[in-house]
Amino acid sequence: MDGVARLRAARDTVLVNWASRATARLPEAAREHPLALVDALPHFLDQLVDVLASPAPREALVRLDGVLAIEHGRDRAQRQSWSLAEVVAEYQILREVILEVLEADQPLGREERDIILDGIGAAVRNAVTEFERVRNAEREERASFEQERFAQFVEAVRDYAIFTVSPEGIITSWNVGAQRMKQYTPEEVIGHHFSMLYPEEGRRRDEPMAHLKAAAIEGRFRGEGVRLRKNGEQFLADVSITPIYAEQKLRGFCKVVQDLTERNLLMQERDLSRSEADRLRIEAEYRERFVQMLTHDLRSPLATAKASAGLIARFADQPDKVGTSARRIVEAVDRCDRMISDLLDAARLDAGEQIQIHVEECDLKRIVAEASDEMSTRHGDRFHVETHGETNGRWDKDALRRVFENLLTNAIKYGDRTTPVSIAIRRIDQRILVTVHNQGTIIPAEEQAKLFKPFHRTQEAKAGGERGWGLGLTVVRGIVEAHGGIVKVESYPKEGTTFTIDLPVTAPRAMPAPEAIP
């Protein structure tokens, strides 16, 4: 009996054996009734018989109708519990059963065996292709629906500006809330760099890309800052930036901006009583700190001065001891003077007054060098100063000396003791930028917002028991702003902490230098 006759005679046996094995091996097949492939198998087997009986089997195989396998693949794809591997397994079981039944008594001829296997292979390809087509279409439809629904949600939000930018900062989408808040239409901003939404000072300090960089490193950036409307108006904004990843690759950032102007007005109207309570609490804290300083911190240098004066009286005939004691008295009195100056300046700033400065021609490089040289005598050669361009200008040199003494002291206190403190001075047009950088534990974003407030000390400083009143950075900001400048802090993992001073070459609205006393 040839292969054609054997296949025709074994048709029902193949169907029964296939159903039994498929049900046993495939969990999904066991739950299906009737099985889709069983319904199509009789017709498929009839097609194989016709191919084998043809005078030219190979040509007939090419013309084999794939509709049955395509319908089978479509049926399985529409049943969400079926996987592609299970579809392929159905045909593998069919191949096993056909060959076992037909070759139970004697092997098939090589040509007949190859045609049967090729026919099953063609059916597999047709079923798999249709299965993937249907499933991909479903995925694309779901993704399109989700994207459309999210886009509708974002577009409907009017109280927040929501837009996306590329990894390079190019604006790629713009919702109605962004248009209302920023006053730009989508056509005016999409395709442009989002730095156009920052004031000139922020662009000069490269804040836009620094914020994207922080979001990429930390997983999110959150902060408050000044932003710009189309008409040039500046406003205070609460900004959140989140990186967008696809296939583990950074595709861009989503930025959500809230205009704090209206919110702050409402909060001020609603919380006047709370503000008054806070004001009274702060005043009480000032008084308490002032008393603590006078009764505790100032006692230490005064005690040193008193003891040194006593030594001078006892050893008046010993010049070496007299000289050493006199220097200690001078140092102690200078320390008292600095403490009182910081306290008085912080009180003026809290009262809304500006620190008075006396401007004269001076060299910022020399001011920084003197401050770092003095610090080096106590802390070793840890300071590295570099300059780019001219460093002359009109400033209050004594006030700026206090600024850099405070910043270098902070860098020593909280920085990594094994790495240097770097100071860079750079002239850009009519402004001078000075950065003080140190490695060490970063300052959290929530601490950075409070860093320049009076009596504020970081959690690290409190935990480490670092001495200080928490007035140094308050005075730094007051002096810099009195010069018409800006001070800011940036602190990132692995990059350390950097304080940046941005000064005009000539301090505006400054008091003239006092005349020398004859």
Side-chain angles (χ1 to χ4, degrees), residues 165-169 193-195 198 201-226 239-245 248-250 252-253 255 368 372 375 379-388 403-404 406-426 428 431-452 456-461 463-464 466 472-473 476-477 480 485-503:
V165 300
S166 69
E168 297 76 28
H193 200 277
F194 83 118
S195 59
Y198 284 69
E201 294 82 359
R203 294 196 297 268
R204 187 169 56 249
R205 294 192 295 271
D206 199 28
E207 285 183 0
M209 296 308 295
H211 293 168
L212 295 189
K213 184 177 182 180
I217 294 174
E218 296 284 348
R220 185 189 180 199
F221 171 84
R222 177 75 182 276
E224 294 183 2
V226 177
V239 179
S240 175
I241 303 176
T242 305
I244 302 171
Y245 288 92
Q248 299 182 339
K249 183 177 180 181
L250 180 64
F253 299 87
K255 188 168 183 179
V368 172
S372 59
M375 296 288 289
H379 302 287
D381 188 18
R382 290 184 55 191
F383 303 95
H384 174 71
V385 181
E386 62 178 50
T387 61
H388 305 273
V403 166
F404 294 111
N406 273 304
L407 293 180
L408 296 181
T409 298
N410 267 10
I412 290 296
K413 278 185 181 180
Y414 308 123
D416 183 352
R417 299 184 180 183
T418 64
T419 59
V421 176
S422 301
I423 306 104
I425 309 171
R426 183 184 300 274
I428 302 177
R431 301 192 74 85
I432 292 280
L433 294 183
V434 186
T435 58
V436 178
H437 172 266
N438 65 273
Q439 294 289 350
T441 305
I442 68 166
I443 304 172
E446 61 272 14
E447 291 280 355
Q448 294 178 29
K450 308 173 187 175
L451 207 57
F452 296 96
H456 179 75
R457 299 169 69 207
T458 64
Q459 292 300 319
E460 180 190 4
E466 293 285 356
L473 292 179
V476 165
R477 184 180 65 179
V480 171
I486 299 171
V487 59
K488 73 167 187 174
V489 61
E490 295 174 293
S491 195
Y492 302 118
K494 299 181 181 179
E495 296 186 16
T497 299
T498 302
F499 283 87
T500 300
I501 305 293
D502 182 346
L503 292 171

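Between Leu212 and Ser166, the closest heavy-atom pair is CD1-O, 4.4 Å. For the residue pair Thr497 and Thr441, the shortest heavy atom distance occurs at OG1-O, 4.1 Å. Contact detail for Ser240 and Arg220: the closest heavy-atom pair is OG-NE, 3.3 Å. Across Arg203 and Ser195, no two heavy atoms sit closer than the pair CD-O, 3.1 Å. The minimum heavy-atom distance between Val487 and Val480, with the atom names listed, is N-CG1, 4.0 Å. The minimum heavy-atom distance between Ala210 and Tyr492, with the atom names listed, is O-OH, 3.7 Å.
Between Asn438 and Thr419, every side-chain heavy-atom pair lies at or beyond the 4.5 Å cut-off. Contact of the Val239 side chain with the Glu224 side chain is not registered, since no non-hydrogen atoms from C-beta on lie closer than 4.5 Å.
Contacts of Thr498 classified as side chain to side chain donor-acceptor pair (under 3.5 Å), with partners at least two apart in sequence or in another chain: none. Not counting sequence neighbours, the partners of His388 by the side chain to side chain donor-acceptor pair (under 3.5 Å) test are Glu386. Residues forming a ring-ring contact (aromatic ring centres under 6.0 Å, His included) with Phe221 (at least two apart in sequence, or on another chain): His211.
Under the 4.0 Å criterion applied to side-chain N and carboxylate O atoms, Glu207 and Arg205 are assigned as salt-bridge partners. A salt bridge links Lys488 to Glu490: at least one charged side-chain nitrogen sits closer than 4.0 Å to a carboxylate oxygen.
Ser491 places a side-chain N or O within 3.5 Å of a backbone atom of Ile443 that can act as its donor or acceptor partner. With hydrogens and angles disregarded, a donor-acceptor distance shorter than 3.5 Å links the side chain of His437 to the backbone of Glu495. Counting only distance, with no hydrogens or angles, the side chain of Arg426 and the backbone of Val434 share no donor-acceptor pair below 3.5 Å.
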